[in-house]
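The chains referred to below are lettered A, B, ... by the order of the sequence lines, with proteins before strands, and numbering in each begins at 1. These values consider heavy atoms only, across backbone and side chains, with no hydrogens, waters or symmetry-generated copies.
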Amino acid sequence: MTDAALAGELPFPPRPDYLRAGSTLLSWLASTDHKRIAILYALTITVFFFMGGAAITAVRVELFVPNGWFLTSDTYNRLFSFHGIIMVWFFLVPSIPNTFGNFLLPLMIGAPDVAFPRLNLFSWYLTLVGGIFAVYTLVAGGVDTGWTFYTPFSTMFSNTHVLTAAAAVFVVGFASIATGVNFIATTHMLRAPGMTWFRLPMFVWSIYATSIVMVLSTPVLAISLMLVIAERWLGLPIFDPVRGGDPILFQHLFWFYSHPAVYIMVLPAMGVVSEIIPCFARRRLFGYDFMVYAIIAIAGIGFFVWGHHMFVSGQSPYASLIFSFLSFVIAVPSAIKVFNWTASLYRGQISFNSPMIYALGFVGLFTTGGLSGLFLASIPVDVHVTDTYFVVAHFHYIMVGGSVSAFFGALHFWWPKITGKMYPESWAQFAAITMYFGFNMTFLPQFVAGYLGMPRRYHTYPAEFQVYNVMSSAGAAVLAAAYLLPLVYLMWSLFHGARASNNPWGATGLEWTTTSPPPPHNFDLQPLVDRAPYQYHAEGESAGSDAPEVQNARSLR
Amino acid sequence: MSDATALLREPWQRLERQRQAGKFGIWIFLASETLFFGALLLTYAVCRIEHPDAFAAAGRETNIWFGTINTAILLTSSLTMAVASQAAAQKGRVRQLVLACLGATAALGVAFMIVKGFEYKEDIEKHLVPGTGFALSQPSAQLFYGLYWLVTGVHAIHLTIGIALVVRLVLLGAARRIRLRGSPELEVTALYWHLVDVVWIFLYPLIYLPGRAS
Amino acid sequence: MNAIFALPEASTQAVRVDGILAALVIVSALTLALVFGLLVSFAIRYRRGSKAKRGRLPEIVNREFEVGWTAATFFLFAFLFWWAASADVGALTAPANALEVHVLAKQWMWKTQHANGAREIDELHVPVGRPVRLVMTSQDVIHSFFVPAFRIKQDVLPGRNTETWFQATKLGVFHLLCAEYCGTNHSAMRGRITVMREEDYARWLSAQPEGDDLAHVGAKLFVSQGCSGCHASSSAVHAPKLEGLYGRTVQLSDGRQVRADDAYIRDSMLQPKRDIVAGFDPIMPSFAGLLDDGDIQSLTAFIRSLGQEHGHD
Amino acid sequence: MSADRGRQEGWLLRLWLRNALVWAALLGLLVLSMFLAYIPMGPVTVTSGVAIAVIKSSLVLVFFMELIRSRALIRLAALAGLVFVGVMFALTLADVLTRSGKI
Ligand code: HEA
Ligand code: HEA
Ligand code: CUA
Ligand SMILES: [Cu+2]
């Protein structure tokens with residue numbers, strides 16, 4: 001690329017960018033600038049990602065041998081519980097929405113900030129308080145309920161720190177709600193003149209849909225955890241079977257949140273991919289309006305399928321049938337997305353920068369994980385593979401192969417905008433490819449082990465599953481190394497990277513029209529929008545063969 | 001003009017837009033609260049479907065007078081709150097009226113809490129707290145009281161927040177620190193207050209009315 | 001016990017599940033081939049600067065395309081759902097002649113009990129080719145009865161009965177696993193299912209130490225708990241006769257009809273006021289707290305045996 | 001000046017009147033639901049309590065919370081909460097009401 005060459009020539013912007021507008025600690029911790037809050041979130045979730053990763057590294061090491069060799073069963077149970085709780089609520093749910101969403105949403109719609117900046121900061125503090133509870137739980141000895149907190153185990157039988165763990169999630173849930181309210185209001189109220197709904201970038205749509213899910217589902221999680229806390233702490237019977245309580249009711253409440261929550265985790269990733277693919281294929285996004293409808297449909301139908309986690313729970317078979325059917329239905333809009341991404345490559349000018357590698361990886365792995373979801377949605381098959389490693393493989397394919405890949409894609413794609421620096425591209429490509437292979441090595445064997453009957457949350461296991469576990473653990477080592485790489489070279493780029501131009505990828509989108517990094521109020525002049533997104537080429541044409549700079553000059557004026 | 005700028009906050013340029021956003025924002029939050037309380041009511045519904053008699057027997061033990069009086073108190077507080085916020089949206093000179101209505105609202109809220117306190121006291125004396133020594137013999141009657149304490153407790157927390165918000169407005173308004181007329185904060189507080197009231201409207205028949213007919 | 005790469009299909013259900021599974025694998029493989037194939041071939045063909053033709057886009061009408069593949073996937077999924085669901089519905093209820101085995105789960109063991117009272121721990125012996133119905137409950141937390149070779153799994157709940165059934169088709173010893181996380185030794189809550197020839201099974205069963213059989217225990221409870229005070233035919237209290245009750249459809253006072261299965265009988269004891277038999281007063285007291293899960297199983301077995309005796313003569 | 005005040009008192013009166021009317025209806029319904037609770041009507045008794053609560057809360061929503069004068073967007077937000085609560089009830093009860101033992 002020509003960035004290095006360009007870098008020297010760029011004049012420094014006349015006023016300090018958001019990173020340099022104030023350098024005291026307080027100017028960060030009390031900032032209401034959405035971009036600074038995004039950075040605060042980014043730091044927080046990075047810490048949590050590595051904590052969750054470290055916990056599961058110990059698990060994978062332990063599973064090398066069938067009967068364990070350095071952990072007690074209690075420790076094992078605490079490790080995977082901690083892993084699940086941290087990865088879901090302290091990493092993946094806030095990952096893309098609260099970092100990139102926070103950073104980009106106002107930029108992409110041409111606004112100076114989010115609708116309620118102080119609420120935004122408050123929500124970060126809530127996350128922090130929740131995080132402190134979570135870390136306290138760990139330090140005090142951990143929690144062993146799994147991330148699902150099933151009753152009556154969590155309410156009456158576990159003698160670990162269920163209360164603080166539940167409180168941690170409870171608190172961080174309110175951060176989710178606050179963020180959701182903020183983003184919805186921002187999208188409705190702060191769009192720049194000319195930014196009509198159907199001119200919004202897909203990323204904005206995905207954050208908008210995600211916010212709706214957050215706002216409407218998280219309160220139910222709060223209730224389910226509050227009931228657990230009330231029963232355990234105050235002795236108020238709710239789920240106690242001895243007094244006629246219904247443990248399955250807890251599962252309904254929990255999954256009413258937690259299924260929609262998986263779409264909180266994947267919709268933003270879809271948004272990211274829909275930005276990256278057109279940019280590096282130099283093509284308009286295929287079927288933009290269908291992509292919008294699909295995302296709304298997924299967010300909506302996502303509320304109707306939770307019972308597919310409960311096929312063997314003792315739920316009525318009639319209810320199971322309804323949930324099974326709806327789970328198949330939700331795959332239809334997902335299919336639309338996959339096909340449209342693929343079609344967007346047709347007649348493009350594809351370059352394989354690291355964000356693009358992550359994006360293509362996402363499409364493949366999401367499809368694989370999603371298809372395995374259909375196995376689980378078929379009741380007789382689910383009866384066999386539920387609570388086995390098949391399920392573990394399913395969700396890691398979507399959440400790690402899919403969402404985490406997309407997160408890294410976003411990180412590389414917007415890194416120049418956020419920090420004003422370029423990272424070393426070939427290292428990034430190498431890390432992306434290593435991650436892809438490490439990932440498949442870790443989780444592909446788990447599908448097989450699960451089908452053969454290896455239950456999840458098993459500290460010890462029948463010896464015949466050892467082959468698969470060894471493969472999986474070996475893969476996890478590769479994966480861990482791949483995750484450490486970006487940490488190193490991205491840090492390096494902060495100090496030694498070339499200066500990034502305003503629009504190093506030649507992308508469309510308002511965020512690329514301001515400086516890198518942007519000024520405190522995002523735009524020096526109120527942007528006006530007069531066209532749909534992704535105008536990489538004229539209507540009806542396909543990607544031109546000119547260099548992106550030339551194309552940009554034409555399409556971006 | 002200077003009035004409007006006094007109320008204006010980042011990142012807004014026009015007060016009207018800011019007001020709309022505030023109102024929209026609080027409505028989204030209220031939708032969220034709807035699911036919050038909806039989930040509690042669902043828990044109640046499922047338990048009651050599974051144990052109709054225990055719920056009838058337990059419901060009979062509640063004190064319907066406290067419940068009914070408290071409902072009336074809250075409904076009245078909604079009236080004063082509605083008048084306050086609608087008057088504040090008018091053009092005329094309404095400061096006194098708005099302040100008085102807000103004061104009445106807060107006072108009624110406190111009255112509710114006092115009555116509730118007496119009720120709780122009575123409940124404790126009647127051994128209606130789940131656990132050992134619980135007054136009713138059916139084990140599942142304890143479910144009802146588990147939910148009773150929880151739901152009324154959560155409602156009371158919401159109401160306390162509401163009272164604090166209203167008192168804040170009264171103090172700031174009386175000290176002329178903020179302008180109440182056209183204040184987005186007043187509008188938002190009022191909407192929250194009414195929602196807490198709506199929640200109670202549902203709790204009333206669920207807590208105090210079961211089992212009365214037999 | 002099991003081969004590394006294949007899981008034995010040791011029950012009738014296993015064949016059905018593997019059938020659906022195979023179909024899903026094929027559909028998924030085709031889809032993956034399509035998606036990956038397109039991704040890779042586009043990536044190569046349309047890489048930056050390649051010679052492939054670009055020019056004006058052909059008149060592929062976007063909308064038709066979208067509607068086309070949306071409809072195609074929808075119908076495919078609807079078909080898959082229908083197929084899987086019909087297999088599921090077919091497997092819902094156990095055949096009437098099924099052998100009944102009671103399962104009691106507790107942290108961290110499986111207790112099983114045969115109709116004649118023979119008890120086992122972490123083991124279950126069953127005859128090949130006979131349907132076996134499991135009636136299960138838990139003493140503490142939720143567990144899950146999982147036999148991979150049979151492709152069956154069912155959560156076992158405290159305070160409630162759940163059921164599943166299977167018909168073994170292969171002789172051998174198979175894993176019994178607990179699949180629902182239940183605390184410290186969840187992964188050690190394993191057992192063995194031994195599938196035997198019918199005559200071996202009979203011999204094995206008769207060689208078991210004389211356990212009190214469930215129905216007999218139940219009969220004693222029926223007297224000691226005072227049930228007979230109302231339900232015995234000599235009783236002066238107006239209470240329904242329980243002979244022949246099991247499996248019959250009961251008319252309730254509010255007009256509903258209910259089949260008298262294990263769950264219903266359980267509810268009759270624990271929450272008698274919930275379903276009042278038509279023509280009777282709701283005077284039966286609740287026995288919740290007085291009977292534990294084992295007692296309820298025994299009483300149920302007794303009531304069931306009343307029905308069977310009736311049927312025989 | 002006095003004409004101004006006259007106009008002001010005019011709308012003030014209307015404002016009070018309008019809201020007091022709603023309030024009176026609410027209290028009336030409260031008393032009604034209390035009485036209905038004592039009349040044995042089987043399932044109708046339970047339903048009446050909840051139905052009256054629905055009416056009462058609609059009154060509050062529509063008049064006190066001014067949904068009647070709000071923009072479509074606001075009404076949509078209010079509706080969204082209700083719709084998803086409906087879904088939650090419907091699908092959970094689809095399980096609870098059809099569990100084994102019932103035909
Ligand atoms: C981001 C997270 C995420 C996402 C997006 C999904 C998406 C889906 N999930 Fe998954 N799921 C989880 C995370 C996720 N899941 C987690 C964490 C668990 C376990 C929780 C626990 O127990 O701890 C779980 C568990 C889980 C279960 C319960 C398993 C069990 O415990 O027994 C089921 C059952 O139906 C299921 C189904 C589905 C389905 C149908 C989808 C669908 O949305 C997938 C749709 C996508 C596609 C289908 C692929 C693209 C489609 C095409 C390319 C179309 C072409 C196809 C054809 C023509 C055939 N999931
Ligand atoms: C949401 C996000 C998410 C993410 C990103 C991950 C990431 C990973 N997960 Fe996790 N996982 C879950 C969500 C997630 N998981 C959930 C919800 C469960 C269910 C929990 C439950 O049952 O309750 C689960 C359960 C789960 C299990 C099943 C445990 C069991 O049932 O017994 C396994 C087993 O292999 C596993 C593996 C991994 C691996 C190898 C990664 C890797 O991708 C992680 C890689 C990252 C690192 C390795 C960190 C970077 C490297 C280092 C920090 C260096 C190491 C340093 C030291 C050791 C000092 N996960
Ligand atoms: Cu029992 Cu797991
Ligand atoms: Cu799900």
Taking the side chain as everything from C-beta on, heavy atoms only, tell me whether Asp144(A) gets closer than 4.5 Å to Tyr181(C). yes
Pair Arg282(A)-Tyr46(C), side-chain contact (heavy atoms from CB on, under 4.5 Å): steps then yes or no: CA-CA 10 Å; Arg282(A) 316 301 312 159; Tyr46(C) 297 116; over 6 Å; no
Could you grab the distance from atom CG of Leu177(C) to atom CE of Met454(A), nearest 0.5 Å is fine? 10.0 Å
Nearest 0.5 angstrom please: Leu24(C) CG to Leu376(A) CG, how far? 10.0 Å
Is it the side chain or the backbone of Val25(C) that comes within 4.5 Å of chain A heavy atoms, both, or neither? both
Against chain C, label Phe80(A) side chain, backbone, both or neither, depending on which of its atoms sit under 4.5 Å from a heavy atom there. side chain
State, yes or no, whether a side-chain contact exists between His175(C) and Pro462(A) at a heavy-atom distance under 4.5 Å. yes
Please examine the side chains of Leu38(C) and Trp341(A), heavy atoms only from C-beta on, and report whether any two atoms are closer than 4.5 Å. no
Heavy-atom cut-off 4.5 Å, strictly under: side chain, backbone, both or neither for Phe74(C) against chain A? both
Run the side-chain contact (heavy atoms from CB on, under 4.5 Å) check on Leu374(A) and Phe77(C) step by step: do they pass? CA-CA 9 Å; Leu374(A) 296 182; Phe77(C) 291 155; 3.3 Å; yes
Hey, are the side chains of Glu180(C) and Tyr150(A) touching, using non-hydrogen atoms and a 4.5 Å cut-off? yes
What distance do Ile350(A) atom CD1 and Ile44(C) atom CD1 have between them, rounded to the nearest 0.5 Å? 10.0 Å
Thr460(A) and Ser187(C) side chains, donor-acceptor separation under 3.5 Å: yes
Heavy-atom closest pair, residues Val332(A) and Thr73(C): CG1-OG1, 4.0 Å
If we define contacts as heavy-atom pairs under 4.5 Å, which of Asn340(A), Thr160(A), Thr151(A), Thr367(A) has the most with chain C? Asn340(A)
Taking the side chain as C-beta and beyond, is there a heavy-atom pair between Thr70(C) and Pro333(A) under 4.5 Å? no
Under the side-chain contact (heavy atoms from CB on, under 4.5 Å) rule, what do His384(A) and Leu21(C) come out as? Steps first, then yes or no, please. CA-CA 10 Å; His384(A) 173 53; Leu21(C) 197 105; 5.6 Å; no
Once rounded to the nearest 0.5 Å, what's the spacing between atom CG of Leu360(A) and atom CZ of Phe42(C)? 12.0 Å
Heavy atoms, side chains only, cut-off 4.5 Å: are Phe146(C) and Val312(A) in contact? no
For Arg190(C), which atoms come within 4.5 Å of any heavy atom of chain A: side chain, backbone, both, or neither? side chain
Relative to chain A, which segment of Gln271(C) carries a heavy atom at a distance below 4.5 Å: side chain, backbone, both, or neither? neither
So, taking the atom named OH in Tyr346(A) and the one named OG in Ser41(C), what distance separates them when rounded to the nearest 0.5 Å? 11.0 Å
Specify the closest pair of heavy atoms between Asp382(A) and Lys153(C), including all atoms of both residues, with the distance to one decimal. O-NZ, 4.5 Å
For the OG1 atom of Thr31(C) and the CZ atom of Phe339(A), what is their distance to the nearest 0.5 Å? 7.0 Å
Heavy-atom pairs under 4.5 Å with chain A, option from Ile152(C), Asp140(C), Leu270(C), Thr162(C) with the top count: Asp140(C)
Candidate pair Asp155(C) and Ser313(A), rule side-chain hydrogen bond (donor to acceptor under 3.5 Å, both in side chains), full reasoning: CA-CA 5 Å; Asp155(C) 280 8; Ser313(A) 68; 5.4 Å; no
